[in-house]
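So the structure is just underneath, and the comments pick up after that.
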Amino acid sequence: MALSRIAQMHADEIRNHDWSDAHTRLDRAGHHRADDRTPRAAQMTHDEAENVRVNVMWVTAQVLAYLDANFDVVEFAQACGVTNRHRTTGWLRAGLRGGDGHFQRPGTTLYDEDVTATTA
């Protein structure tokens with residue numbers, strides 16, 4: 001199944017960004033170290049930069065999964081440029097809070113029925 005337009009746009013931005021110096025500086029969207037005019041900061045290893053990419057993908061995927069019942073985190077991860085580090089894709093799903101089409105509300109650890117029950 002194809003990603004929604006908004007999910008694809010998020011994936012394009014995440015994939016396009018150079019995450020290798022994300023630990024030392026703030027960069028605009030679409031940053032590439034080759035375009036830097038200032039001296040280059042320390043660079044993370046490839047694996048460290050990929051960890052940042054995966055975390056950004058998961059944070060974005062949490063919101064997208066909550067909003068879209070058809071969202072596929074594996075397809076989104078691939079579109080973000082996240083490489084499959086393991087033989088299975090279960091680790092990609094494990095990064096989201098919830099599952100089986102039932103995800104926690106973004107910014108909380110509550111499911112919708114929990115929110116309704118505590119505010120009623």
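Within the model, atoms CG of Leu92 and SG of Cys80 stand 10.0 Å from one another, a figure rounded to the nearest 0.5 Å. Separation of atoms CD (Gln78) and OG1 (Thr83) is listed at 10.5 Å; rounding is to 0.5 Å.
Taking every heavy atom of both residues into account, Phe71 and Ala7 meet most closely at CE1-CB, 4.3 Å. Across Arg105 and Arg97, no two heavy atoms sit closer than the pair O-NH2, 3.4 Å. For the pair Leu3 and Glu75, the tightest heavy-atom approach, listed with the atom from each and the gap, is N-OE2, 3.4 Å.
In the hydrophobic clustering of ILVMFWY residues, with side-chain heavy atoms under 4.5 Å counting as a link, Ile6 and Leu96 come out together. When the side chains of ILVMFWY residues are joined at heavy-atom separations under 4.5 Å, either directly or via intervening members, Val56 and Val74 end up in a single hydrophobic cluster.
For Arg53, the salt bridge (Lys or Arg N to Asp or Glu O under 4.0 Å) partners are Glu50, not counting sequence neighbours.
For the pair Asn16 (side chain) and Asp12 (backbone), a donor-acceptor distance under 3.5 Å is absent. A donor-acceptor pair under 3.5 Å is absent between the side-chain atoms of Trp19 and the main chain of Val54, judged by distance alone. The backbone N or O of Ser20 lies less than 3.5 Å from no partner atom in the side chain of Glu48, so there is not a single donor-acceptor pair.
At a threshold of 4.5 Å between non-hydrogen side-chain atoms, the residues Phe76 and Gln8 do not count as touching. The shortest distance between side-chain heavy atoms of Tyr66 and Gln104 does not fall below 4.5 Å. In this structure, the side chains of Met44 and Val52 come closer than 4.5 Å at one or more pairs of heavy atoms. The side-chain heavy atoms of Val73 and Met57, taken from C-beta on, include a pair separated by under 4.5 Å.
Classification of the Trp58-Trp91 ring pair by plane angle, with boundaries at 30° and 60°, yields perpendicular.
No donor-acceptor contact under 3.5 angstrom links the side chains of Asp47 and Thr45, judged on distance only.
Around the CG atom of Leu67, the shell of radius 6.0 Å holds more than 12 heavy atoms that belong to other residues, nucleotides or ligands.
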